[in-house]
2 protein chains.
Amino acid sequence: MPVKIAIAEDNSFALRACINKLATEPDFKQVATAFNGDEMLGKLSQHAVDVILMDIMMPVMDGIECTRRVKQQHPQIKVIMLTTFDDDENILNAIMAGASGYLLKEESAEGVVKAVRDTIDGGAPMSAGIASKVLNLLRNPVIPKGHETTENFGLTAREIELLQQLKNGLSYEHIAANLFISPGTVRKHINNIYTKLQVNNKVSALSKASANRLI
Amino acid sequence: MPVKIAIAEDNSFALRACINKLATEPDFKQVATAFNGDEMLGKLSQHAVDVILMDIMMPVMDGIECTRRVKQQHPQIKVIMLTTFDDDENILNAIMAGASGYLLKEESAEGVVKAVRDTIDGGAPMSAGIASKVLNLLRNPVIPKGHETTENFGLTAREIELLQQLKNGLSYEHIAANLFISPGTVRKHINNIYTKLQVNNKVSALSKASANRLI
DNA sequence: AGGTAAATACGCAGAAATGCGTATTTGGTG
DNA sequence: CACCAAATACGCATTTCTGCGTATTTACCT
């Protein structure tokens with residue numbers, strides 16, 4: 001049985017790219033496209049659809065609101081977000097709205113194809129990195145209140161790794177052993193972190209990093 | 001660079017099956033195996049390990065407790081649960097303990113191999129079905145047993161007051177000034193706190209106090 | 001090829017924290 | 001009143017952390 005797919009994407013170039021990614025699969029049938037959420041909702045009453053690939057940022061009605069309504073009116077339809085945004089806010093909103101999957105647009109053709117099949121099979125495909133953010137959302141209960149501004153402070157991946165070691169109360173020596181670097185390097189990294197976060201001790205650094213969801 | 005893998009699995013048949021699933025990859029190096037969590041913890045100080053494939057149900061120390069301790073002592077090590085249980089309780093507990101991935105034992109060899117690589121790349125691989133349960137957990141917040149148990153540790157009101165000062169990253173001097181006591185007294189209080197919480201530094205104390213909702 | 005950011009590493013000086021004692025004062029309780 | 005827990009305070013030795021430099025190597029980008 002062919003998989004009936006709809007795509008909501010306002011950028012025609014991105015839409016074309018998306019269609020191409022699915023073109024290799026003979027059992028995939030692209031039954032509808034729309035340039036915004038409202039248009040997509042309208043087409044759903046005209047076409048049977050299994051899966052929607054949904055952009056988030058669209059005019060008139062964005063992908064998250066559209067997802068919410070799709071799941072309300074057609075709960076059997078699976079929605080996979082396909083977007084460039086990987087911030088907690090959008091991820092959480094999309095999941096809350098009922099999205100089954102969350103892919104970044106940089107995802108490969110095979111990745112998108114597999115995501116569609118996974119979704120049909122009851123899975124919840126996510127780009128690498130998205131899934132781990134989802135786990136972090138679970139670990140650090142979100143305050144449903146307004147979105148606090150999270151800042152990056154220009155921390156590198158390695159520096160965040162150092163912070164994760166720090167948060168367990170490990171000494172520089174122990175961290176150095178864990179990461180196979182010298183204690184002096186650990187110290188250097190941490191000093192850089194302090195400078196970037198504008199703090200001058202572990203506890204403050206961890207507090208600030210945590211408040212900004214860096215760890 | 002080879003990927004150093006450890007496996008914790010009490011059933012020798014399942015262990016063998018797991019090893020076989022990884023056998024095809026020339027750059028995978030199985031550096032340690034253990035029949036329970038305690039044994040695994042011991043081996044981690046002897047071998048550099050990138051990823052642990054962890055069974056949940058094991059004697060002596062189960063996989064979730066082991067994961068908790070591994071992430072505590074070696075945060076850089078990624079843990080992938082490999083189990084037959086797919087209930088919310090176990091999934092959530094594993095994630096809370098710090099697991100990066102969650103696979104069912106029925107997972108194919110390719111699936112396990114890909115999961116290991118995904119994890120190294122910062123992803124969070126989950127068997128189809130697990131991921132969607134995770135999303136459901138996020139949508140319907142539940143407080144699992146064991147996450148609301150708070151312990152007092154015999155801390156006095158004053159000691160908790162000290163902890164609240166500590167969590168802001170203040171120095172002993174500054175806290176002393178805030179509370180109108182001598183730095184020596186601050187030190188004494190904090191030493192008493194450490195003894196009661198069985199830790200030996202600020203970060204661990206704050207972490208433990210926070211986990212038990214003392215601050 | 002040159003420039004840049006990141007990760008690695010070391011040294012020195014000083015500040016802060018930690019471990020382990022001891023001691024006094026205070027407030028409440030039996 | 002006698003007792004006890006809690007809060008207060010200090011000292012010494014040691015470990016750990018922090019600030020501020022410098023320097024090399026690697027990877028990536030132009």
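In what follows, chains are A, B, ... by sequence order, proteins preceding strands, each numbered from 1. The structure displayed is predicted, hence computed values, not measured ones.
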Which residues share a side chain to side chain donor-acceptor pair (under 3.5 Å) with A:Lys105, sequence neighbours left out: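 Partners of A:Lys105 under the side chain to side chain donor-acceptor pair (under 3.5 Å) test: A:Glu9, A:Asp55.
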Member of A:Leu82, A:Val134, A:Asn90 meeting the side chain to side chain contact (heavy atoms under 4.5 Å, CB included) criterion with A:Tyr102: A:Asn90
Chain B contact limits on DNA chain C, taken 5' to 3' with a cut-off of 4.0 angstrom to heavy atoms: C:dA17 to C:dT22
Residue whose nearest DNA chain C nucleotide is more 5′ - A:Lys196 or A:Thr185: A:Lys196
Under the side chain to side chain contact (heavy atoms under 4.5 Å, CB included) test, residues paired with A:Ala131 that sit two or more places apart: A:Met126, B:Ala124, B:Met126
Set of side chain to side chain contact (heavy atoms under 4.5 Å, CB included) partners for A:Thr119, sequence neighbours left out: A:Lys78, A:Ile80, A:Ser100, A:Pro125
Atom-to-atom span, CG of A:Leu162 to P of D:dC17 - whole angstrom: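 Value for this atom pair: 12 Å.
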Within 6.0 angstrom of B:His174 NE2, more than 12 heavy atoms from elsewhere: no
Nearest-0.5 Å distance that lies between atom CD1 in B:Ile215 and atom CG in B:Leu162: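 Between B:Ile215 CD1 and B:Leu162 CG, I get 11.5 Å after rounding to 0.5 Å.
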Nearest-0.5 Å distance, CD1 of residue A:Ile193 to OG1 of residue A:Thr156: 7.5 Å
Which residue lies more 5' along DNA chain D, comparing A:Asn200 with B:Gly184 via nearest heavy atoms: B:Gly184
By salt bridge (charged side-chain N to carboxylate O under 4.0 Å, His left out) - contacts of A:Lys133 (at least two apart):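 Expected list: A:Asp86.
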Salt bridge (charged side-chain N to carboxylate O under 4.0 Å, His left out) against A:Glu173, all qualifying residues, sequence neighbours excluded: none
Cationic N near anionic O, under 4.0 Å, A:Glu107 to A:Lys21: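 Looking at A:Lys21 together with A:Glu107, the answer is no, because their closest N to O distance does not fall below 4.0 Å.
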Inter-end axis angle, the helix from C:dA1-D:dT30 to C:dG30-D:dC1, with every axis fitted to five base pairs (rounded, 10 degrees): 40°
Run the side-chain donor-acceptor check on residues 181-191 of chain B: report pairs under 3.5 Å with partners two or more places apart or on a different chain.
from     : atom 1 : to       : atom 2 : distance (Å)
B:Ser182 : OG     : B:Gly184 : N      : 3.3
B:Ser182 : OG     : B:Thr185 : N      : 3.1
B:Ser182 : OG     : B:Thr185 : OG1    : 3.1

Residues in contact with DNA chain C, drawn from residues 186-194 of chain B - heavy-atom cutoff 4.0 Å: B:Arg187, B:Lys188, B:Asn191, B:Tyr194
Near-strand residues of residues 163-179 of chain B, defined as heavy-atom separation under 4.0 angstrom from DNA chain C: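 Result for residues 163-179 of chain B: B:Ser171, B:Tyr172, sorted by number.
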Pairs where residues 10-20 of chain A contributes a residue and the test side-chain hydrogen bond (donor to acceptor under 3.5 Å, both in side chains) is met, not counting sequence neighbours: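 Counting only pairs at least two positions apart or across chains, no side-chain hydrogen bond (donor to acceptor under 3.5 Å, both in side chains) contact touches residues 10-20 of chain A.
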Pair listing, salt bridge (charged side-chain N to carboxylate O under 4.0 Å, His left out) test, anchored in residues 195-209 of chain B, at least two apart: B:Glu159-B:Lys196
